[in-house]
Engineer: 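Just passing along the structure, written as structure tokens.
The structure displayed is predicted, hence computed values, not measured ones.
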Amino acid sequence: MTDLVAVWEVALSDGVHKIEFEHGTTSGKRVVYVDGKEIIRKDWMFKLVGKEAFPVGASQTKATINIDAVSGFAYEYTLEVNGKSLKKYMENRSKTTNTWVLHVDGEDCRVVLEKDTMDVWCNGKKLETAGEFVDDGTETHFTIGDHDCCIKAVSSGKRREGIIHTLIMDEREIPESTE
């Protein structure tokens, strides 16, 4: 990886993915790696600017690297995820998901709730869940190892805040992560 020009980290429901991009400005070479695995390799390209599109993660989320000339032989590399800049995508994602990072049976677990579908992911795997309506909202039940877990969804009572999601494992509340 001698021509490495950009590295990004993208947090998706199935985990945080590392995207690396090599750009040989003399040879026109373009190589994209996702989580250390080569996804795209183009060796002799005469056009040094352009785009490279590729899927990321279990849900095959669409990512695009844009290569733009800034001045002379200087280039700018930007990553888009689902058609949005990485920054916009992550801002939007923080509104549509909740993430908790916890230590379970000696290992770190990253639990993600997708609010639009109510899907729950743990360390890259979509979990089997059971939802139920309760007096003050809903509960989504699942297990991690031998541990009973539940995500409670209750109204904040304030329109701007909306619904508050709380992860409970073994009857203990887990604080939300700020990833």
Engineer: Any idea which heavy atoms bring I164 and S156 closest together, and the distance?
Structural biologist: CD1-CB, 3.6 Å
Engineer: List in chain and number order the residues that pass side chain to side chain donor-acceptor pair (under 3.5 Å) with D68, two or more places apart in sequence or in another chain; answer none if no residue qualifies.
Structural biologist: none
Engineer: Mind checking what makes side-chain contact (heavy atoms from CB on, under 4.5 Å) contact with A69, not counting sequence neighbours?
Structural biologist: V49, Y75
Engineer: What pairs meet the side-chain hydrogen bond (donor to acceptor under 3.5 Å, both in side chains) rule with one or both residues in residues 48-59, with sequence neighbours excluded?
Structural biologist: R30-E52, K42-E52, K51-N66, S59-T61
Engineer: Ignoring hydrogens and angles, tell me if any N or O in the side chain of T140 forms a donor-acceptor pair with the backbone of G131 under 3.5 Å.
Structural biologist: no
Engineer: So Y89 and L79, side-chain contact (heavy atoms from CB on, under 4.5 Å) or not? Walk me through it.
Structural biologist: CA-CA 10 Å; Y89 176 79; L79 180 67; over 6 Å; no
Engineer: Restricting to side-chain contact (heavy atoms from CB on, under 4.5 Å), what partner residues turn up for K125, sequence neighbours left out?
Structural biologist: none
Engineer: Side chains of E22 and Y33: is there a donor and an acceptor less than 3.5 Å apart?
Structural biologist: yes
Engineer: May I have all residue pairs that pass ring pair (Phe, Tyr, Trp, His ring centres under 6.0 Å) and include part of residues 114-168, sequence neighbours excluded?
Structural biologist: none
Engineer: Name all residues meeting the ring-ring contact (aromatic ring centres under 6.0 Å, His included) criterion together with F21; count only those two or more places apart in sequence or in a different chain, and write none if there are none.
Structural biologist: H23, Y77
Engineer: Hydrophobic clustering (ILVMFWY, side-chain heavy atoms < 4.5 Å, transitive) - are M118 and V120 grouped together?
Structural biologist: yes
Engineer: List in chain and number order the residues that pass side chain to side chain donor-acceptor pair (under 3.5 Å) with N92, two or more places apart in sequence or in another chain; answer none if no residue qualifies.
Structural biologist: none
Engineer: Run the side-chain contact (heavy atoms from CB on, under 4.5 Å) check on V81 and V56 step by step: do they pass?
Structural biologist: CA-CA 9 Å; V81 181; V56 178; over 6 Å; no
Engineer: Following the transitive rule for hydrophobic clusters with a side-chain heavy-atom cut-off under 4.5 Å over Ile, Leu, Val, Met, Phe, Trp and Tyr, establish whether L127 and I151 coincide in one cluster.
Structural biologist: yes
Engineer: Could you measure the distance from the CG atom of D35 to the CD atom of E9? Nearest 0.5 Å is fine.
Structural biologist: 9.5 Å
Engineer: When rounded to the nearest 0.5 angstrom, what distance separates CH2 in W100 from CD1 in I174?
Structural biologist: 10.0 Å
Engineer: Give the minimum heavy-atom separation between V111 and C122, together with the two atoms involved.
Structural biologist: CG2-SG, 4.3 Å
Engineer: For a quick test of reading the model, state the closest non-hydrogen atom pair linking V34 to P55 and the distance between them.
Structural biologist: CG2-O, 4.4 Å
Engineer: Identify the two heavy atoms, one from V16 and one from R110, that lie closest to each other, and give their separation to 0.1 Å.
Structural biologist: CG2-NE, 3.9 Å
Engineer: Going from OG1 on T25 to CD1 on I67, what distance comes out if it is rounded to the nearest 0.5 angstrom?
Structural biologist: 11.0 Å
Engineer: By side chain to side chain donor-acceptor pair (under 3.5 Å), which residues pair with T117, not counting sequence neighbours?
Structural biologist: E114, D119
Engineer: Could you tell me whether the side chain of K115 and the main chain of K95 form a donor-acceptor pair under 3.5 Å?
Structural biologist: yes
Engineer: According to a 4.5 Å side-chain heavy-atom criterion applied to Ile, Leu, Val, Met, Phe, Trp and Tyr, with indirect links allowed, do I39 and W8 form part of one hydrophobic cluster?
Structural biologist: yes
Engineer: Measure the spacing between NZ of K37 and NE2 of H17 and express it to the nearest 0.5 Å.
Structural biologist: 12.0 Å
Engineer: Tell me, please, which residues at least two apart from E176 pass salt bridge (Lys or Arg N to Asp or Glu O under 4.0 Å).
Structural biologist: none
Engineer: More than 12 foreign heavy atoms under 6.0 Å from CD of Q60: is that the case here?
Structural biologist: yes
Engineer: Pairs in or reaching into residues 128-150: which pass salt bridge (Lys or Arg N to Asp or Glu O under 4.0 Å), with residues at least two apart or in two chains?
Structural biologist: E139-K152
Engineer: Tell me whether the count of non-hydrogen atoms from other residues, nucleotides or ligands lying under 6.0 Å of NZ in K29 goes above 12.
Structural biologist: yes
Engineer: Hey, mind stepping through V10 and L86 against side-chain contact (heavy atoms from CB on, under 4.5 Å) and telling me if it holds?
Structural biologist: CA-CA 8 Å; V10 180; L86 180 59; 3.9 Å; yes
Engineer: When rounded to the nearest 0.5 angstrom, what distance separates OG in S27 from CG in L48?
Structural biologist: 8.5 Å
Engineer: Taking all non-hydrogen atoms of both residues into account, name the closest pair between C149 and L167 and its distance.
Structural biologist: CB-CD1, 4.4 Å
Engineer: Sequence neighbours left out, what pairs pass salt bridge (Lys or Arg N to Asp or Glu O under 4.0 Å) with at least one residue falling in residues 100-109?
Structural biologist: none
Engineer: Apply the test side-chain contact (heavy atoms from CB on, under 4.5 Å) to residues S13 and R93: give CA-CA distance (whole Å), side-chain angles for both, the deciding distance (0.1 Å), then the verdict.
Structural biologist: CA-CA 10 Å; S13 295; R93 189 161 169 73; 3.0 Å; yes
Engineer: For S71, check side-chain contact (heavy atoms from CB on, under 4.5 Å) against everything at least two apart and list the hits.
Structural biologist: A74
Engineer: Quick check for you: to the nearest 0.5 Å, what is the distance between I144 atom CD1 and C109 atom SG?
Structural biologist: 5.0 Å
